[in-house]
Amino acid sequence: MSRKNTAATIITIVIAALAIATTLFLLYQMSQTEVQENTPGSFIPSDEVNDEMNENATRLVKNNCEVFRVFLQYGLTHEAEPYNNKPDDGYYTVSADTYKDMASLKKLVEETFVEKEAERILTDVGGNGAVYAEQEDGTLGISEKCIDEKGNFKGMEYGYSWTNATVTLLPVSNTECDITIELAAEDGTGGSAAVGSPNSTQSSPTSADSSADSSAQSAASAAPKTFTVTMIKANGTWLLEKLAY
């Protein structure tokens, strides 16, 4: 086994948003971090396994971000019903160019997550049933439950940007690797805002408290968000255990 590999590899993934639910990822392989001295006993993969983990982590993090955006954050554009009526079957017809049918969405999800998690995402990722479904004519439909009265997707409020995400790989074995993702807070959004609470309200501060609150919010907005997801290899394929955001 080669000793030049280390227990952790840091990758920076740059995401350029081309359109809603369409992203371009560029991978920059940085020098491997010398962490072995600080983590005695850590698993050190061979050069071949190390490269395999890097390649698959890049693919899976990219797909994870895409699934998050399509199913929870932005959704896909859709066609309005005549006279702004509700669709008879409960689904608006998706008009986005990125995904034309349910099969293409299922392929994205099933090639990214383990079977149980893929099923959850496809059938009830947000607690309101399936976000997307195949319509009778074979086109892709988006649930009316996910669309507000103005015709917009009821997206999750999220104060962090996937642009320039820093991804750290921590190999556990030849078939398991933890992936730690760090996202920067978006400017002016307040990175400490609770994810998934777009309708939360706040009481108005007094003038004496305003300055202190503003400083605290500014500091909070600068704080990055860090979370970890596990990548496992089963039947020759690397998949994520959970949708991470």
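This structure is a prediction, so every number in the text was calculated from the model and none was measured.
Scanning both residues, T98 and L76, for their nearest heavy atoms gives OG1-CD2, 3.7 Å.
A salt bridge is absent between E241 and K116: the closest approach of a Lys/Arg side-chain nitrogen to an acidic carboxylate oxygen does not fall below 4.0 angstrom. Checked for salt-bridge contact, R69 and E66 miss the test: no charged N lies under 4.0 Å from a carboxylate O.
Between the side chain of Y91 and the backbone N or O of L140 there is no donor-acceptor pair closer than 3.5 Å. Between the side chain of N152 and the main chain of D148, no donor-acceptor pair closer than 3.5 Å is present. Formation of a donor-acceptor pair under 3.5 Å by the R59 side chain with backbone atoms of W238 is found in this model. Between the side chain of N54 and the backbone N or O of N50, at least one donor-acceptor pair lies under 3.5 Å. Within the 3.5 Å criterion, the main-chain N or O of T139 finds no donor-acceptor partner in the side chain of E134. At least one donor-acceptor pair closer than 3.5 Å links the side chain of N64 to the backbone N or O of A244. Counting only distance, with no hydrogens or angles, the side chain of D47 and the backbone of D51 share no donor-acceptor pair below 3.5 Å. Remark: the backbone N or O of P82 is paired with a side-chain donor or acceptor of N85 at under 3.5 angstrom.
Applying the salt bridge (Lys or Arg N to Asp or Glu O under 4.0 Å) test to K107 and every residue at least two apart in sequence or in another chain returns E111.
Within the 4.5 Å cutoff, side-chain heavy atoms of W162 are placed close to those of V61.
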